[in-house]
Protein chains: 2
Amino acid sequence: MTATTVHEPTHREALWELEDAFERGDLITIFGRCTVEYDGRAASSLGLGRRLLLLKPDGTALVHTDEKQKPVNWQPPGSEHHAAVRDGRLRVRSVRTSPDETLDVHFETVEQLSAMAVSGRRDLSVTGSEADLRNALLDRPAVIESGFEPLATERPTDAGPIDLFGRDTDGRPVVVELKRRRVGPSAASQLQRYVAAIEREDGDDAAVRGILVAPSVTDRARRLLAEHGLEFVAVEPPSSTGDAGGSTTLDTELSQTDAVDDSAHDPAGDATGDDDGEPARTLSADEESH
Amino acid sequence: MTATTVHEPTHREALWELEDAFERGDLITIFGRCTVEYDGRAASSLGLGRRLLLLKPDGTALVHTDEKQKPVNWQPPGSEHHAAVRDGRLRVRSVRTSPDETLDVHFETVEQLSAMAVSGRRDLSVTGSEADLRNALLDRPAVIESGFEPLATERPTDAGPIDLFGRDTDGRPVVVELKRRRVGPSAASQLQRYVAAIEREDGDDAAVRGILVAPSVTDRARRLLAEHGLEFVAVEPPSSTGDAGGSTTLDTELSQTDAVDDSAHDPAGDATGDDDGEPARTLSADEESH
DNA sequence: CATTGGATGTCGCGA
DNA sequence: TCGCGACGTCCAATG
């Protein structure tokens, strides 16, 4: 059996088991009545109650209650766990430096302590990231705009790396910022920073265009884009579940460029001033590409 | 005993225990060899390995491996957990809607299953938040600038709520954005948005000043502030550990206003153009206030 | 180390 | 519900 478990151990028994489990590099769960105190970047205190403490061999500590996804208290990987019996309580202390932070869990009673050898996460694969969206757009740049020519990804600028940089049919430089979800004001500002950086660096007389590519945009973000003469293109990320949604599959080379500012570039003159009403184009990475 | 535990149960035994634990509203831990699949906002897949599955009565599901603070896979609160035996494996499925997301954990073998009644987190108290910093500054507004007069907190604008709004000795409106940690470009942009909003709304001829208050600022953020004629004031948040750091305690009413742009307002003419070199002022909320 | 921005961010608050 | 911003965000990539 790979899981060692003790029920209602004395604090001293719990201490022995803990030391052994630390030694083996096991993942440890301790369930019992405890108080929790944290001091570091902030400070917090949690009164007596039943909670679950998770100790990982990489130095992570997590205190979980009956609700929420995030632990009520924690310590990041790289911390050092120590256990001791003090004042008739089992104290588990997790400490790290830079910044100096300490987590103290004092168990009045330990109801269960388990230790088990768990595997890593080397083989986790995730799809649907912004990088995936970018790759899909590189395959079908016309989704952004008919004739759009990608020149670089992660192009470095004074203001940080640009997701996607290219040229339009008029030869004008285009800065593209990609977001996998609906965007708010911060994304508009981010794009604005990149556009300003390119305008400073390239110093070309040709105005630099900025296009925010995302599934949708909030009103405030839309206004911000307009203020800065930036554009928005609605693109649904490749849906993982085989496109159960009602979005349109990309099948034309004409892109729905939605110029939010009248003065902005409007290649087809078909800007509808709408993004949520008109379904965004769906990018299927698995489609016959090239 | 409040913790129910079964070791190496058959899938059917595990299923019974699970149903009972769901019924009781217990927190459940399942340790065993399993695969994990997720599909929703993104999609992911994790091969066979030993992991710990946490199921909370509020609908949270967490899959933890031997490292990192974040679960390798999860489902947020409000999801619905279902268990079944399929193809000789124990399947725990957690589903939610809007957005539609499914987490499937397939156990080849269950090595341990525990269920326990855990407490809530109602009595958690945290200090050191941005709100704490704001309150401290309301007590001692001169830390921001000599003569600064706070007028409102969370003042609503077209661009969102302003942390702290007030007037300087010249009667000029001042937008203050607070950050509890070192700030980067996004904070500068955020302040810029708020200043622009006030300039639009108040329409006063008097230029609106913007001050970013934080422990320190990155180079890029500093440049951004300068570009927009915004200012920076270094203020250390009240340290939780009784101020073990080497920061200066606030004891004068003259604030270190660091005008980053030459054209910016410089009331005392003593801007040093320095923030990290000169230690930031420390705000002690517990000091004799008022 | 510090900087920067993505994330299945999560969470809380307010309209 | 959505929008918005804080968070002890966490985390990886990069200089």
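Each chain gets a letter, A, B and so on, in the order the sequences are listed, and its residues count up from 1. Quick note: numbers below take in every heavy atom, side chains included, and nothing from hydrogens, waters or symmetry partners.
Ranked by how close their nearest DNA chain D nucleotide is to the 5' end, A:Ala221 and B:Pro71 are led by A:Ala221. Along DNA chain D, the nucleotide nearest to B:Ala131 and the one nearest to A:Asp219 differ in position, and the one closer to the 5' end is contacted by A:Asp219. Comparing B:Pro185 and B:Val72 against DNA chain C, the residue whose closest nucleotide sits nearer the 5' end is B:Pro185.
In this structure a side-chain-to-backbone donor-acceptor pair under 3.5 Å is missing from A:Glu101 to A:Gln75. Listed for the B:Asp132 side chain is a donor-acceptor partner under 3.5 Å among the backbone atoms of B:Ser129. Under a 3.5 Å cut-off, the side chain of A:Arg51 and the backbone N or O of B:Ser119 do not form any donor-acceptor pair. Formation of a donor-acceptor pair under 3.5 Å by the A:Arg220 side chain with backbone atoms of B:Asp158 is found in this model. Using modelled atom types, one side-chain atom of A:Arg180 and one backbone atom of A:Gly128 make a donor-acceptor pair closer than 3.5 Å. Checking side-chain atoms of A:Thr157 against main-chain N and O of A:Gly160 turns up a donor-acceptor pair under 3.5 Å.
Separating the C1' atom of C:dG5 from that of C:dG9 is a span of 13 Å, rounded to the nearest Å. D:dC7 and C:dA7 are spaced 14 Å apart, taking the C1' atom of each and rounding to whole Å. Nucleotides D:dG8 and D:dC4 have their P atoms positioned 23 Å apart, rounded to a whole Å. A gap of 23 Å separates the P atoms of C:dT4 and C:dT8, to the nearest Å. Taking the P atoms as reference points, D:dC11 lies 15 Å from C:dC11, given to the whole Å.
The CZ-C1' distance, from A:Arg182 to C:dT8, rounds to 18 Å in whole Å. Separating the CZ atom of B:Arg193 from the P atom of D:dG3 is a distance of 15 Å, rounded to the nearest angstrom. The separation between B:Asp132 atom CG and D:dA6 atom P is 15 Å, rounded to whole Å. When the P atom of D:dA6 is taken as reference, atom CG of B:Leu133 falls 12 Å away, rounded to whole Å. Rounding to whole angstrom units, NZ of residue A:Lys179 and P of C:dG9 are separated by 11 Å. In this structure, B:Glu130 places its CD atom 14 Å from C1' of D:dG8, rounding to the nearest Å. Whole-Å rounding puts the A:Leu164 CG to C:dG6 P distance at 14 Å. Rounded to an integer number of Å, the gap from CG of A:Leu178 to C1' of C:dG5 is 13 Å.
Listed by residue number, A:Lys68, A:Gln69, A:Lys70 are the residues of residues 58-70 of chain A with a heavy-atom contact under 4.0 Å to DNA chain C.
The side chain to side chain contact (heavy atoms under 4.5 Å, CB included) test applied to A:Pro77 returns A:Asp58, A:Thr60, B:Gln69, not counting sequence neighbours. Take A:Ala152 and apply the side chain to side chain contact (heavy atoms under 4.5 Å, CB included) test, not counting sequence neighbours, and it matches A:Arg155.
The residues A:Lys56 and B:Asp66 are annotated as not salt-bridged, no charged nitrogen and carboxylate oxygen being separated by less than 4.0 angstrom.
Taking only side-chain nitrogens and oxygens, A:Trp74 never comes nearer than 4.0 Å to OP1 or OP2 of D:dT9. OP1 or OP2 of D:dT9 has at least one side-chain nitrogen or oxygen of A:Arg41 nearer than 4.0 Å. For B:Arg180 and D:dT9, the shortest distance from a side-chain N or O to OP1 or OP2 is below 4.0 Å. The side chain of B:Ser44 places no N or O atom within less than 4.0 Å of a non-bridging phosphate oxygen (OP1 or OP2) of C:dT8. When the side-chain nitrogen and oxygen atoms of B:Arg181 are compared with OP1 and OP2 of D:dT9, one or more of them lie within a distance under 4.0 Å. Residue B:Arg220 places none of its side-chain N or O atoms closer than 4.0 Å to OP1 or OP2 of C:dA2. At C:dT4, none of the side-chain N or O atoms of A:Tyr194 fall inside 4.0 Å of OP1 or OP2 (strictly under the cut-off). In terms of phosphate contacts, A:Ser186 brings no side-chain nitrogen or oxygen within less than 4.0 Å of OP1 or OP2 of D:dC4.
Here the CG atom belonging to B:Leu212 is positioned 6.5 Å from the CZ atom belonging to B:Phe232, to the nearest 0.5 angstrom.
When heavy atoms are screened at a 4.0 angstrom cut-off, A:Pro99 is found touching no nucleic acid atom at all. Heavy atoms of B:Glu154 sit nowhere under 4.0 angstrom from any nucleic acid atom. Across all strands, A:Ala159 comes closer than 4.0 Å only to sugar-phosphate atoms, never to a base (heavy-atom distances). Using a 4.0 Å heavy-atom criterion, one finds that A:Arg223 contacts no nucleic acid atom at all. At the heavy-atom level, B:Pro76 lies nowhere under 4.0 Å from the strands shown. The residue B:Gln75 sits apart from the nucleic acid: no heavy atom pair falls under 4.0 Å.
Side-chain to base pairing of B:Asn73 with C:dT8: one donor and one acceptor N or O lie within less than 3.5 Å of each other.
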